[in-house]
Amino acid sequence: MKKSIALLGGLLVLFSCQKSTLINLTDYVDPMIGTSAHGHTFPGATTPFGMVQLSPSNDFKAWDWCSGYHYSDSIVKGFAHNHISGAGLSGLGDILLMPTMGKKTTKSGSDALVDASYRSRFLHKTEHARAGYYTVRLDDYNIDVALTATPRTGFHKYTFNNAGIADIVIDPTHAIMERAAETGIQVVSNSEIRGFKRVDAGSGKNRYTYFSAKFSKPFGKATVTNNDEEVEAISLTAHKVKSYVSFNVEKGEQIEVSVTLSPIDYDGVEKNFMAEAKGKSFDDVLKESTKAWNRVLNKIVISETSSDAKKRTFYTAMYHAFISPNMISDVDGRYAVEGKQYESEITQYSNYSTWDTYRALHPLLAIIEQQETSKMVNS
């Protein structure tokens, strides 16, 4: 059903609704656009307005690293589950995972000490991204990393190109321009690690992030560290608690990890997992994410244009319009603001950065995404 037709920048644009067949427009989205200069965007995997933005994290070196990543970098610290896009401020970077081989450490170190920490070098030629998907090769370990997401769960797929003992680091202390006040790790079984992170400073006053990491293959051993020193414990709460789990892998073997978040508690984590991720593989979620992105990208269809480059520019900008603000409520309606818990029948949103968005983003969403806009207003 046609709603209206408008001429935009020399492009014939069709605003449409109730279309039975979606055009695959995700191929025109390039999440690497905006990750250089002063763009402050991240290249990782997310869903429209999702709680999870699963993306590579570098060290925060200067203002250009507000999203946690900058294209000028060549060392990745790991893959954290939420990031702020496009704003002139920074925060989040919660619950970082990193696959390794041969190091057996939870030390995040520094770029200057990359060989003594779990981080890795990488090349942009092995880095690829599209809406809802990101992949890169970790050169220090010869491991291929692929990422996708549901609204509240990040899905990792690691391909180990060498045989041997592989470790997957879980670091809840990681943050972008914040500091964790308290962290916790609990070994639930030989296929699940759960924990939390509490931030108590600045805009993150008394903010909790609970998580559960579920592995497609049972791990042989789970190691818990406190201040990066191994401890004899399967459950620990302290300032700097981390963990790594170990596997014996064959060449070419793949391990998948699903990491579900909740701002409330472990019950919220499990409810979110059951609603969005239970029984699903990485490929299942990638298909769902692609469909979700095509549903929103098809709200504006360019019916005529002289070049694919213009479509790439347009649909990447439209993609960026749908990755914030972000939902902050669990599937059961619970959410938190500055340590206080609330409950609502309406999905709650945050990360507005209205200084950057009131002029153009919210007027656009009020036209093409009225249902979610009403929820944003109410939240």
Side-chain angles (χ1 to χ4, degrees), residues 51-52 54 57 77-82 93-101 103-108 118 143 145 147 149-150 152-158 160 165-175 180 182-198 208-249 253-274 276-282 285:
M51 179 184 291
V52 165
L54 177 53
S57 286
K77 185 178 177 183
F79 305 93
H81 286 78
N82 47 25
D94 296 332
I95 320 305
L96 179 143
L97 267 66
M98 182 65 163
T100 70
M101 293 191 81
K103 288 188 177 177
K104 293 202 169 297
T105 184
T106 59
K107 292 181 180 179
S108 60
Y118 61 66
I143 297 172
V145 174
L147 310 174
T150 72
R152 298 173 178 86
T153 300
F155 275 73
H156 307 237
K157 180 165 65 175
Y158 305 141
F160 299 92
I165 302 298
D167 302 315
I168 299 175
V169 176
I170 303 105
D171 186 351
T173 73
H174 175 70
E182 185 180 42
T183 56
I185 288 286
Q186 181 181 352
V187 183
V188 178
S189 68
N190 65 354
S191 61
E192 181 181 1
I193 301 286
R194 70 182 187 183
F196 75 92
K197 167 189 175 181
R198 178 173 65 85
Y208 281 83
T209 302
Y210 292 86
F211 75 93
S212 169
K214 295 180 170 68
F215 300 83
S216 62
K217 175 181 177 176
F219 45 79
K221 181 183 179 182
T223 302
V224 178
T225 69
N226 186 14
N227 290 317
D228 295 321
E229 297 294 331
E230 185 174 343
V231 296
E232 292 293 331
I234 61 171
S235 181
L236 183 65
T237 297
H239 184 204
K240 294 183 179 180
V241 182
K242 307 174 190 176
S243 178
Y244 66 87
V245 293
S246 303
F247 305 83
N248 192 347
V249 298
E253 185 173 351
Q254 294 181 334
I255 294 177
E256 297 184 9
V257 192
S258 63
V259 181
T260 307
L261 304 185
S262 166
I264 302 299
D265 54 25
Y266 294 127
D267 185 51
V269 169
E270 191 61 20
K271 287 179 180 177
N272 292 344
F273 173 80
M274 295 296 288
E276 296 181 359
K278 181 176 172 58
K280 296 178 181 178
S281 68
F282 182 96
V285 172

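Position 1 is the first residue of the sequence; numbering continues from there. As the structure is a computational prediction, the values presented were derived from the model and not from experiment.
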Closest approach of Val269 and Thr260, non-hydrogen atoms and distance?
-> O-CG2, 3.4 Å

Could you tell me whether Phe282 and Phe155 have their ring centroids closer than 6.0 angstrom?
-> no

Scan the side chains in residues 222-229 for donor-acceptor partners under 3.5 Å anywhere in the protein, sequence neighbours excluded, and list what turns up.
| unit_1 | atom_1 | unit_2 | atom_2 | d |
| --- | --- | --- | --- | --- |
| Thr225 | OG1 | Thr106 | OG1 | 2.9 |
| Asp228 | OD1 | Thr106 | OG1 | 2.8 |
| Asp228 | OD1 | Lys242 | NZ | 3.1 |

Would a 4.5 Å heavy-atom cut-off, applied to side chains only, mark Lys271 and Ser262 as touching?
-> no

Starting from the C-alpha separation in whole Å, work towards a yes-or-no answer on side-chain contact (heavy atoms from CB on, under 4.5 Å) for Leu261 and Asn272.
-> CA-CA 8 Å; Leu261 304 185; Asn272 292 344; over 6 Å; no

Which is it for Tyr210 and Ile264 under the side-chain contact (heavy atoms from CB on, under 4.5 Å) test, yes or no, and what are the steps along the way?
-> CA-CA 7 Å; Tyr210 292 86; Ile264 302 299; 5.7 Å; no

Pair Glu256 + Lys157, salt bridge at N-O below 4.0 Å | no

Would you please name every residue forming a side chain to side chain donor-acceptor pair (under 3.5 Å) with Thr237, sequence neighbours left out?
-> none

Under the ring-ring contact (aromatic ring centres under 6.0 Å, His included) test, residues paired with His156 that sit two or more places apart = His81, Tyr158

Validation row: Met98, Asp171 side chains within 4.5 angstrom (heavy atoms) = no

Going from CD on Glu276 to OG1 on Thr153, what distance comes out if it is rounded to the nearest 0.5 angstrom?
-> 5.5 Å

Please check if atom NZ in Lys217 has more than 12 non-hydrogen atoms from other residues, nucleotides or ligands closer than 6.0 Å.
-> yes

Give the minimum heavy-atom separation between Lys77 and Ser108, together with the two atoms involved.
-> CE-CB, 3.4 Å

In terms of heavy-atom contacts, Val241 and Thr183 come closest through N-OG1, 2.8 Å

What distance do Tyr208 atom OH and Glu182 atom CD have between them, rounded to the nearest 0.5 Å?
-> 5.5 Å

Looking at Met101 and Val249, what are the two nearest heavy atoms and their distance?
-> CE-CG2, 4.3 Å

What residues form a ring-ring contact (aromatic ring centres under 6.0 Å, His included) with Tyr118, not counting sequence neighbours?
-> none

Report yes if some heavy atom in the side chain of Ile193 is under 4.5 Å from a heavy atom in the side chain of Ile185; otherwise report no.
-> yes

Phe273 meets the ring-ring contact (aromatic ring centres under 6.0 Å, His included) criterion, sequence neighbours left out, with none

Which atom pair, heavy atoms only, marks the closest approach of Val145 to Leu147?
-> CG1-CD2, 3.7 Å

If you measure from NZ on Lys280 to OG on Ser258, what distance do you get to the nearest 0.5 Å?
-> 11.0 Å

Looking only at heavy atoms, what is the nearest atom pair of Gly93 and His174, with distance?
-> O-CD2, 2.9 Å

Neighbour count above 12 (heavy atom, 6.0 Å) for Lys278 NZ | no

Mind running side-chain contact (heavy atoms from CB on, under 4.5 Å) on Met51 and Asn82 for me, showing each step along the way?
-> CA-CA 7 Å; Met51 179 184 291; Asn82 47 25; over 6 Å; no

Just grab all the ring-ring contact (aromatic ring centres under 6.0 Å, His included) pairs involving residues 217-249, residues at least two apart or on different chains.
-> Phe215-Phe219, Phe215-Phe247

Cut-off 3.5 Å, side chains only: do Ser212 and Glu270 have a donor facing an acceptor?
-> no

Does the side chain of Phe211 reach to within under 4.5 Å of the side chain of Asp94, using non-hydrogen atoms?
-> no

